[in-house]
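Written out below as structure tokens is the structure these notes cover.
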There are 2 protein chains.
Amino acid sequence: MAIKERKEREKQEMRNLIIESATHLFLKQGYDKTSIRNIAEDIEYSPATIYLYFKDKDEIFYVIHENAFAILDQELRKHDVVADPFERLAAIGRTYIQFAFENPDYYDLMFIMRAPMQQIKNEEKWEALDCAFGYLLQTLTACFEEKKIRQADLHVTAIMVWSYVHGLVSLYVRERMCILMMPDDAVREVLYGSFDLFLANLKA
Amino acid sequence: MAIKERKEREKQEMRNLIIESATHLFLKQGYDKTSIRNIAEDIEYSPATIYLYFKDKDEIFYVIHENAFAILDQELRKHDVVADPFERLAAIGRTYIQFAFENPDYYDLMFIMRAPMQQIKNEEKWEALDCAFGYLLQTLTACFEEKKIRQADLHVTAIMVWSYVHGLVSLYVRERMCILMMPDDAVREVLYGSFDLFLANLKA
DNA sequence: GCATTTACTAAACACTGTTTACTATATTTA
DNA sequence: TAAATATAGTAAACAGTGTTTAGTAAATGC
């Protein structure tokens with residue numbers, strides 16, 4: 001019965017079509033303005049059809065969130081070639097910040113919005129973040145082994161590094177850096193500079 | 001004409017009534033579930049009446065946001081009595097983190113949500129945050145003068161400290177700390193521990 | 001060829017923020 | 001004091017939202 005396989009394929013294609021449209025609208029107009037009716041109109045189907053392929057709006061944005069993590073992960077792991085673990089840590093951090101600057105809506109969805117978290121609660125393991133965070137743990141382990149950074153608990157250090165870069169970019173993404181009263185470019189420079197200072201303080 | 005004064009007073013009382021109801025509902029059910037109709041029902045007026053006292057929903061939450069800043073500011077400035085500026089910095093940081101743990105919805109409104117920022121864009125100066133951030137700058141200046149922390153640019157250091165504690169608590173508030181796979185109490189301990197490590201790295 | 005399953009949709013439900021047109025009361029003016 | 005005006009408040013509507021239900025038309029299985 002090749003029909004079943006074709007049907008399965010068609011089902012997946014329809015899911016992809018919805019995700020593609022939703023991603024396009026999301027990156028163009030943001031989460032709130034990306035309504036089920038907008039997506040439906042864009043793909044030329046009725047709104048109810050979308051519910052045959054996704055449980056609810058959050059499930060659509062859960063898939064987009066997963067795709068975004070795949071992109072970030074790919075960017076971060078490019079630095080695998082950097083031999084010195086401290087240099088690698090620095091490169092990873094800068095790439096993380098750059099990713100947030102260049103993809104603020106993706107960053108928002110991955111690390112700030114509540115939307116995709118409903119799904120994750122039912123999954124008992126957040127693989128997408130586990131993967132990226134695992135890479136940080138791995139890099140920090142190498143830093144400790146080679147005594148490149150001050151000795152401390154691995155997980156506490158990892159939380160410290162992640163929280164720090166997240167703090168920088170999330171204040172930027174959610175427009176709290178406006179207190180600096182600087183043009184956007186200058187703010188970004190301060191953030192990169194602040195990260196450099198953080199790294200210097202971390203050094204053994 | 002004492003009538004005009006009474007009218008002014010009544011207008012302010014009505015605004016207060018709306019803000020009180022909105023704050024109560026917000027802290028009980030969150031932003032999304034606090035609708036204009038809910039507030040109207042709670043204060044026993046029609047929804048349209050609220051628009052005679054506030055431009056829109058965001059303006060209501062802007063006032064709540066200002067009140068929340070007043071509370072945080074009061075908490076932080078309690079540490080004015082701590083003579084040693086580094087000790088004061090540590091106390092301020094811990095109180096900031098504690099505030100976020102104890103008032104996650106307020107914290108969200110102040111530092112994460114987009115709602116109050118629409119108003120702030122029209123104000124050209126964000127006094128509430130300016131006040132709190134000013135206290136941090138003041139404390140850090142004292143730290144530098146007494147050579148308690150590593151020499152660096154004042155603003156870059158301030159952004160570093162603020163971003164760091166914000167990163168910690170915003171990942172917690174928006175439920176990203178779930179990757180630690182720990183009970184809530186243990187997560188909070190890790191966050192406080194991470195802050196201690198950060199301070200140690202900052203020390204001169 | 002007929003029964004059944006599948007794919008899809010129009011319309012409705014229960015909400016949301018916000019505006020408009022209208023009423024009843026309070027205040028001011030003649 | 002009586003008429004004119006200003007103020008306070010509201011019912012109903014507008015334009016949206018996510019989601020569900022009931023019903024149709026086409027594809028598939030027998």
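Reminder, nothing fancy here: chain letters follow the sequence lines and each chain counts from 1.
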Looking at the rings of B:F195 and B:Y96, which for Trp means the six-membered one, are their centres under 6.0 Å apart?
->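 No.
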So, do B:F61 and B:F54 have ring centers that fall under 6.0 Å from each other?
->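 Ring-ring flag for B:F61/B:F54: false, centres at least 6.0 Å apart.
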Do you see a donor-acceptor pair shorter than 3.5 Å between the side chains of A:Y172 and A:D184?
->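 Per modelled atom types, A:Y172 and A:D184 side chains form a pair under 3.5 Å.
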What is the distance, rounded to the nearest whole Å, between atom CG of B:L17 and atom C1' of D:dA8?
->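 Value for this atom pair: 15 Å.
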What integer distance in Å separates A:M14:CE from C:dT9:P?
->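 Rounding to the nearest Å, CE of A:M14 and P of C:dT9 are 7 Å apart.
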Of B:K11 and B:A48, whose nearest nucleotide on DNA chain D comes first from the 5' end?
->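 Counting from the 5' end, the first nearest nucleotide belongs to B:K11.
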Nearest atoms (heavy-atom pairs only) where B:A68 meets B:F99 |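 Scanning both residues completely, I find the closest heavy atoms to be O-CZ, 4.1 Å.
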Should the pair A:H166 and B:H166 be assigned to parallel (<30°), tilted (30 to 60°) or perpendicular (>60°) ring geometry?
->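 Parallel: the ring planes of A:H166 and B:H166 meet at under 30°.
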Counting only non-hydrogen atoms, which of residues 21-45 of chain B are less than 4.0 Å from DNA chain D?
->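 Listed by number, they are B:R37, B:Y45.
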Contact residues, residues 49-67 of chain A to DNA chain D [heavy atom, < 4.0 Å] =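 Within residues 49-67 of chain A, the residues near DNA chain D are A:Y51, A:D56, A:K57.
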[X] with [Y]: basic N within carboxylate O range, under 4.0 Å:
X: A:D108; Y: B:R174; result: no
X: B:R94; Y: B:D196; result: yes
X: A:K28; Y: A:D42; result: no

